[in-house]
Every structure is written in C-alpha cells, then in structure tokens.
Number of protein chains: 4
Amino acid sequence: HLPLTVIAGPCALESRDHALECAAALKEIAERLAIGLIYKTSFDKANRTSAVSPRGIGMKAALPILAEVRDKTGLPVLTDVHESGQCAEVGQVVDVLQIPAFLCRQTDLLVAASQTGCVVNVKKGQFLAPWDMANVAGKIRASGNDRVLLTERGASFGYNTLVNDFRSIPIMARKADCPIVFDATHSVQTPGGAGTTSGGQREFVPTLARAAVAVGVAAVFAETHPDPDKAPSDGPNMIPLIAFESFVRDLVAIDRLAKNRVSLYDFA
Amino acid sequence: HLPLTVIAGPCALESRDHALECAAALKEIAERLAIGLIYKTSFDKANRTSAVSPRGIGMKAALPILAEVRDKTGLPVLTDVHESGQCAEVGQVVDVLQIPAFLCRQTDLLVAASQTGCVVNVKKGQFLAPWDMANVAGKIRASGNDRVLLTERGASFGYNTLVNDFRSIPIMARKADCPIVFDATHSVQTPGGAGTTSGGQREFVPTLARAAVAVGVAAVFAETHPDPDKAPSDGPNMIPLIAFESFVRDLVAIDRLAKNRVSLYDFA
Amino acid sequence: HLPLTVIAGPCALESRDHALECAAALKEIAERLAIGLIYKTSFDKANRTSAVSPRGIGMKAALPILAEVRDKTGLPVLTDVHESGQCAEVGQVVDVLQIPAFLCRQTDLLVAASQTGCVVNVKKGQFLAPWDMANVAGKIRASGNDRVLLTERGASFGYNTLVNDFRSIPIMARKADCPIVFDATHSVQTPGGAGTTSGGQREFVPTLARAAVAVGVAAVFAETHPDPDKAPSDGPNMIPLIAFESFVRDLVAIDRLAKNRVSLYDFA
Amino acid sequence: HLPLTVIAGPCALESRDHALECAAALKEIAERLAIGLIYKTSFDKANRTSAVSPRGIGMKAALPILAEVRDKTGLPVLTDVHESGQCAEVGQVVDVLQIPAFLCRQTDLLVAASQTGCVVNVKKGQFLAPWDMANVAGKIRASGNDRVLLTERGASFGYNTLVNDFRSIPIMARKADCPIVFDATHSVQTPGGAGTTSGGQREFVPTLARAAVAVGVAAVFAETHPDPDKAPSDGPNMIPLIAFESFVRDLVAIDRLAKNRVSLYDFA
C-alpha cells in the first residue's frame, strides 16, 4: 500500500494570483509532511443550486492558469469537466480529469475523459450504490484507459443530507480494483440546504477524514481556502488554509498505522 | 385544473416502423379515452448502467423519425437531451425537451433547452429535495422560457431503491408554480439492481400512478412497449401496450374525481 | 372489498368529558357519511420524545372511560398497549389493541395482545421493510388469533423525516394476507424534529390519505381534535375536528371508485 | 480521554458452561492487551424477526449464571432488558443494563433501568437522529442516575440496510455529554434481510470499528462466539473468538493514536 496522497485546493479557480498563492502554500505543506499532493481547482461550477450562484472564470481563461500552476509548482493538477467536448482540451494541461458525482454515469463524458490518457477520478453519485461504481470504472477501461480513481463523497440520506457509508471504501476497491479517494469536504455538504446554495458542516471534516484513513484509502480530497467564508462556492465546508497542515498531519499518522496493521480477520 | 394528460411511448426509439406503429396505437387509445397524449421516446440512452448496454440509434438518425411521427399522427412529441449542444437541433422537431434526472442541475443544459422555446420537462433528481426544484425551474425561467414542467420520479432510498414521496407533488407545484408530472414507470426502477442493468417492478406501476392522480397531477408519464421483455432498455418497468388502455382508463376516472373534489381542508 | 372504515379520535385521552364529546361528534359524522368508525385514543404516551412531555391520564383512570365511550356511543374502541402485562386488562374494554411502531417486533407484547382475542392492529416500524411485517403478523397468528391489521405509518428517511412508500400497501396485503390501514396523521410527523417534541405537517394529511385510498386500503387512521394546537401530544399533525367530515367525504368518494375499478393489469 | 474499553461476548447466553468458557477466554485477551473488558450476553432475544427464532434461556435461569460469571472472572457484566419490570432484579447481578435500540424511547423502561443505579447503556434507535439521543439520556438523568452510555449501532437506510453516520459520535458526545460506544457487530446487520432472520456482513466489522476508533469512542461493542455459524442468533455478524484478539489489537493501536493527536481544527 502506498502512503496517503492528498488532493487539495480551493473549490473554484478565482484568479491567477489566487491559484498560484494557494498552490505554493500547499506545496510547502506537502514538502514539510513529505506527502504527495495534487492541486485541485475548478474553472466552472456547472451545477450550482440556483441561477444566481457565480460559476467561475470559465475554461478558456482557466487553462493557461492551470498550466502555469503545474509548471511553476511542479504539482500535478486536477480539475473537473462537465461535457464531453471539454475533455481533450482540458486534458492537455492537467494530470487528473475529474467527473462530478451527478455525471458519473454519462457515458460520453466518461469515454472522452478516458481517451485523453489522463488519470480519471470519478466521484460516486449520491444516488449510486458502491458496487455499481464497478460499471463506471468499466466504461473508462473499455475505452482504453486503466488509470481510474473512484471517490466516496456521500450518499443521499433523506433530504438535504448526505451520509458516508464507509463500507463503500473496501467495496469499491474490491469490485472496481482501483485506488479509492475520500472526499472529506463535499461529504459534509448539506445539498441545497441553505436555500439557493448548499450548506456545509466544516466541523465534521476531520471526523470523517480520520475514519476514512483508518479504514484505508489511497488519497484524501479536501478543499481549502485562505478565507472560506468569502469563497465564491463551497465556503461552508472548506478548511481554512491555516488549519490545513495540522489536519493532514493527523491523517498521515493514522494512515501509517492503518496501512501497517496485520489482521488475521479482515475484508482484504 | 385541466384534465389529465398522458406522456407515453417506448423508452427507446428502436426504428422508424416501431415508432410509427407505437405512436399510432397510442393515438387511438387517446382518442377513445378523449385525453391529451404526448408521444415520448429517446434517441440515446446516455447514462446506461454499464458500457455493454445498447444506447440507441443516435440523434442524427432519430430526428427525421421524430418529425415524421409528429407529422403523421399529429401528436406532440417529447424526447430527452444530454448535452447543451443537442438542444437547438432537437428542439426543432419536438414539442417538449426533457432533462434527465441526473442532469437536472446542469445549468448549461437547462439554459440551452430553455432557449429553444420548447416546453422543458425536468425530472427531479433522485438526490434532490422537492423544494430544491424551484431553483431548477428558476434557471429555465431566467433564460426567458416560462413553459416548465417538473416530474416526480423517485428519491434515493438506501441502495438500488427509489421511493416516491407524494408530498413532492404539492410541494413542487407550490414552490415552482408549474404543472407536475408523475413518472410512473421510472419510479419503479431498481437502479443498478440487476447487475449491469437497472431492474424494475412493473407490478407497482398502477399502484403508484393511482396514488399520484388522486393527489392531483397534470400528467402521468408511463413508458409502454408492445413486448417489454424484448425492449433494449427499461423493459422490466414498462407497461405492455395491450394493457395500456385499461391502465389509463382507471387513472382518468380517479383524475376526474380528484380534480372535482371540494375540500375545506387542503394544501391548496 | 369492504368499503372504507375510519379509525379516528384525539391522540391522548384527556378527560372523560373530552372523550365523550369527541366520540359523539365522530359518531355523528360516521352516520352522516354511512361509514364504519372506530374510536381511537391513548391512555399513555409511553415513548415521548423527552422526559418533560406529558404522558396522559394512565391506564387505571382510562379503562372505565374507554368502557363508557363504547357503551354510550356504540362505537368500537381502539387503544394502544406498551408492555405485555397491560394487554389482558385493556383487552376487556376495547375492541382493537394497537401495537406501537417502535414495539412491533416485541414478541411478548404481540403474544399477550394476541391472546386477548381482540383485533390486533400493528403499526409497521419506521425501521422495517413492508415484507418483514409478515413475520410480525405470523407472531400473532401463531398465538391463536387471526384478527390482525397492519398499519403503514411511514419509514425512516434520513433524520427527523418519514416517507410513505405506497408499495407497502399491496406488499403487506399480499405477504401478510390481512387488511391494511393507512395512518394519515402519524405519517406526517417529523419525529424529534421540534427539539423536545415531534413536529408535524398537518397540511399533507389529505394528500397522503387520498393517495392511500386510491391505492386501496381497508381503513384510514387519522387523529382529530377540537383544538389541535392545544392538544397535549401530536397537535402539529392532527386534523381540526371541524374539518374532519369534509376530509373523510373526499376519501369515501375515492374509495368507492378505487374499489370498483376493473383493471386487466394490476398487482392484485 | 480514557483508553478504549471493549464490550464483548456471545449474543445469547446459551448455557452456564458456554458463558464461563467465553468469559474466561475474553478475560485472558483483555489481560494480554491490558484493556478494560465488559462481558456482554443476553438472556432473552425479545424482538426476533419471526416467531420461529429461538429466544434464549430466559431471565430466571440466566441471573445466577450472570452472577457466577461476574464472581469467577471479576469482569463487569452487561445484559439487556426489555420490560420495566425486569430492571430491578436484573440490576442486582450486572454492572450495566442495556436498553435495546427499538426500545430507546420507552420512558418506563428507561426510568426503571435508571433507578437501579447501574450504568445504563442505551442503543440509539435505527429511527432516531443522533441529536435526539440527548432527550433519551435526559430521561435517565431525570430519574437520578448520571451513569449513561449511548451506543451508535446504525441508522435505517432504505430497506433491510443500516448505515453508520460517524458524525453521530461527536454529536452524541456533545449533545448528551456522555461516553459513546460503537457497536461494531450490530452495525453490520442486514435487518430482516435473510427472510425469517436478520443477515449480517461480518467482513465489514473491522472496517467500521477502525473508523469509529479513529473518530474517538470510549468503547467498542463487538459480539464474538467460538463458532458463529452455529450460534442461535446474530451468527452472521459475530466475530469468531479465534480472531478477536488481533481484531482488538488493531483497535487499541488506533485508539492510542487517535486520543493523542493534537489538532488545531477539530470538533472538540
């Protein structure tokens, strides 16, 4: 088992300066903790709760910035795509293409992402059982790309609430035979729960991340921001950048222990 | 309150002959029952459970057939779209553009559908609370089109199971101020429940449709097929065409009663 | 199929005068509508949300009042029991013993209720699948009593929320082979949702009751009160007595239609 | 924070010899691992899925055996009660009285258990939100006993399925201000899922237990048996006794780390 990787960054790409600043800060944290880190940011919030929510700077403006972040920091970069036509172009400047949870069964999008040759990270739909993600990974592999990640980010639990079933981690790992990511910040969303935006429960991020790492995951995904309460999206669930290092340090310690345990009686 | 309309047809557009045959049969039923009927069929099953499931004849082959069905039968036609780029072209040959449930929050798709001027029918996401559909209707109206329908088709209830919360009908009607459709055949899907396809519980279609009509809906959506067990998709939940007329006749009787009742104590 | 019966009354037995007054009013409504009516009231709210909630007048004080209501009005009477030791005594003054939903799997209570020879109405647990209620009915029958009713009153749906799956009505009817009751007022509870009490959504009672009757039930259970907002329990979901007759009149009309329909294609 | 305690034993008290043998084996494991251990067993399975399931040896036969286990091994003993009348007598031979999840809101039972002066461990109902357990703890405290434990054992998630929401651990700890137990073996039940018995997913017990300990709990509850597949109840989810020590050793290591972490950003 490889040691824990972290996928982190602000939810939305706000500007060139903001992106470079966040990426530099995260790179320093990763170096101090001696962990792998993938920089995450989005150029378009394509499924906002309402029409009045801001969407982001758009693909054309974003691609040169993503390329510059990758070049300047040396960090691998991840971003999400929303329609099949975006994949080829975006795939040229990032390392990981991410498929949003609502879109995890859109065959054309999965195939187009697969064909870029990038790593493809698919978030499990809030409406899907973990065993059904094997078919999703299969759509990507059938298009010739075996570099698939699957991400747990919560299942619908009544209205405006998500729950993480941690059985999903071993289930997806075994059924889809690929590394599993835990998305700690979207798992605490209260979707639509704040009227025209989604709410969030930032205080539960460490709780759920620790649980996931103790179960055993390849990576933790966590959005972070210098000032979450002023962020254009997902502010209520992002981690303040100032707290990010101690948050990750705890996870690294648990990860080391979890991956070294020897158990006669286990799912694996 | 207008009398009940029915939206019906085979899940997938299988061929020109099949489509014309089904549409002619449904037109006869609608005339005998003196109800409005919208012909529904799909040119692409864009989010099949797995890569091995058949997807359909595709948009290019389908559009002339949809146009011919509309011309020959005089029935209004409904079909679903999956990416924003499809809307303008598809909107020229149909009366209603339908947004699939998984895609009900994709802003670009909603806006593009809205701008065609067609009626837009959005299926409520399995992951959404009914009150959150007001924001979805708002995205369409903000693009200049007020002809919105919202469809109840089940909410995620644990794994591989949907449940209809019939409170969603008055909630969506009031919050989004638009006609509500009940999708009786997708509501009995067991998503992903049959391994590489979705299962279905055809036997509960009349149960749920009667409940919805008694609550009060503008339309019932129900897929039907001459031979469901041989259909390329959704066979387990479609109604055999031979049983369709008696199914609808029951609903029409309940609808007449439901819309004529006078109640001092009600949600309306 | 027998015509619809109504089970109605105030949630809690507040006093002799209150009980006699409510029962007389309900008897008049039942006579005007020519329907069967069973008077329902509880002597003990044994599982209130918190220790500060009032519990009721208790069994000893209640039994003579229940007997008097039955004698004076001629209405059959239903009340609920909470421990096995109560059944024999309570069973002497009522016609129907009701088992609360939380207790629907307590074998001793079911057996003791069964042995009274009363009709036993078991509410489906919020945590149980409808098909599992066949085992519950089996516990009663195995103790020598075949007069079982099963009641749909909602399933847990996330936190503080219930949802009615109307498939449960035909499923329980077939699997347990007994008449099914729909509890329209507890189905709109928001359990624990008001801090130290349960909330409720009175405005959805007619919606859900109409749906249940259209599906086909033997009886509708609905709590009613002259002044719900002053009731000691379940006020937020009870129907004002003044609106009860028009509420039931609608249901009777739908019931007549639902039970007369002939459908070639149905669950039955 | 005190180090992790384990609550363990076979689901049902099968016989004097079986109980003494299991308790002796568990005592040895606890000594080798230097942890606190409470012996758990039940004299009556009072809410079995169906009437044909065995219920146990009964209270009268069990009490002397429980007393003997406590005397001979020196282990504290826990057992569950089902009706208020049982509490006083059972409370004389055990250290912890446990309230089953279905009964967690039965006021009389909670009060009677409270009045014994024993520690009272209440399992969170499958139908309850974690914040609502504060009212349950309040019922016990209002009766003069402050020694309350609350146990997470899963929430209803669709039909025949439970899910653990690990946010419940910090929520209950804060709202009810008491130690929290994680029940690792009942959390993997598939209630009613095996027809006339509950099924179970033993393979997920270590996954969920590790997650709970990483979050931070006072105790893990886990049923174990020398030969689970021959046990009269809960066999599918019990841990084989032979694997118990390595299972607990992993948890102890994670617990030590979890309780020593210092985090600037946390729920506590």
Side-chain angles (χ1 to χ4, degrees), chain A residues 44-53 55 82-86 100-111 114 125-143 154-163 165 167-168 171 190-193 195-198, chain B residues 44-53 55 82-86 100-111 114 125-143 154-163 165 167-168 171 190-193 195-198:
Chain A
D44 182 19
K45 310 312 297 175
N47 57 27
R48 295 304 302 262
T49 302
S50 78
V52 300
S53 310
R55 290 191 48 173
H82 314 282
E83 293 207 325
S84 53
Q86 301 172 327
F102 294 158
L103 304 180
C104 74
R105 280 185 41 172
Q106 301 303 311
T107 307
D108 286 343
L109 181 61
L110 293 166
V111 168
S114 173
Q126 297 87 338
F127 46 83
L128 264 197
W131 42 85
D132 292 326
M133 288 300 285
N135 286 318
V136 169
K139 289 184 184 180
I140 294 167
R141 290 187 177 123
S143 309
S156 285
F157 183 62
Y159 292 135
N160 301 315
T161 308
L162 298 171
V163 68
D165 180 355
R167 293 173 296 192
S168 70
I171 290 171
T190 50
T196 55
T197 63
S198 286
Chain B
D44 182 17
K45 310 312 297 175
N47 58 27
R48 295 303 302 262
T49 302
S50 79
V52 301
S53 309
R55 289 191 47 174
H82 314 282
E83 293 206 324
S84 53
Q86 300 172 331
F102 293 158
L103 304 180
C104 73
R105 280 185 40 171
Q106 301 305 312
T107 307
D108 286 343
L109 181 60
L110 293 165
V111 169
S114 173
Q126 298 87 340
F127 45 83
L128 264 197
W131 42 85
D132 292 327
M133 289 300 285
N135 286 319
V136 169
K139 288 184 185 180
I140 294 168
R141 289 186 177 125
S143 308
S156 286
F157 183 63
Y159 292 136
N160 301 315
T161 308
L162 299 172
V163 68
D165 180 355
R167 292 173 297 190
S168 70
I171 291 171
T190 52
T196 54
T197 62
S198 287

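So you know, we letter chains A, B, ... as the sequences are listed, proteins then strands, and number each from 1.
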Given A/Ser84, A/Gly85, A/Ala142, the one with more heavy-atom pairs under 4.5 angstrom with chain B than any other is A/Ser84
At what distance, to the nearest 0.5 angstrom, does CG of B/Asn47 lie from CZ of A/Phe102?
14.0 Å
Part of A/Leu110 lying under 4.5 Å from any heavy atom of chain B:
neither
Heavy-atom proximity to chain B below 4.5 Å, by part of A/Arg141
neither
Residue pairs meeting side chain to side chain donor-acceptor pair (under 3.5 Å), one or both in residues 129-139 of chain A, sequence neighbours left out, come to A/Thr107-A/Lys139
Note: vs chain A, highest number of non-hydrogen pairs under 4.5 angstrom among B/Asp44, B/Thr49, B/Asn160 is B/Thr49
For A/Ser143, which atoms come within 4.5 Å of any heavy atom of chain B: side chain, backbone, both, or neither?
neither
Taking ring-ring contact (aromatic ring centres under 6.0 Å, His included) as the definition, give me every residue that meets it alongside A/Phe157, ordered by chain and number, with sequence neighbours left out.
C/Tyr159
Among A/Ile140, A/Val163, A/Val52, A/Asp165, which residue has the highest count of heavy-atom pairs closer than 4.5 Å to chain B?
A/Asp165
Considering only heavy atoms from C-beta outward, does the side chain of B/Leu103 approach that of A/Leu103 to under 4.5 Å?
yes
List the atom of A/Arg48, the atom of B/Arg105, and the distance in Å for their closest heavy-atom pair.
C-NH2, 3.8 Å
Stepwise, does the side-chain contact (heavy atoms from CB on, under 4.5 Å) test hold for A/Leu109 with B/His82?
CA-CA 10 Å; A/Leu109 181 61; B/His82 314 282; over 6 Å; no
Largest heavy-atom contact set with chain B, pairs under 4.5 Å, which of A/Lys45, A/Gln126, A/Gln106
A/Gln106
If we define contacts as heavy-atom pairs under 4.5 Å, which of A/Ala134, A/Pro130, A/Ala155, A/Ala101 has the most with chain B?
A/Pro130
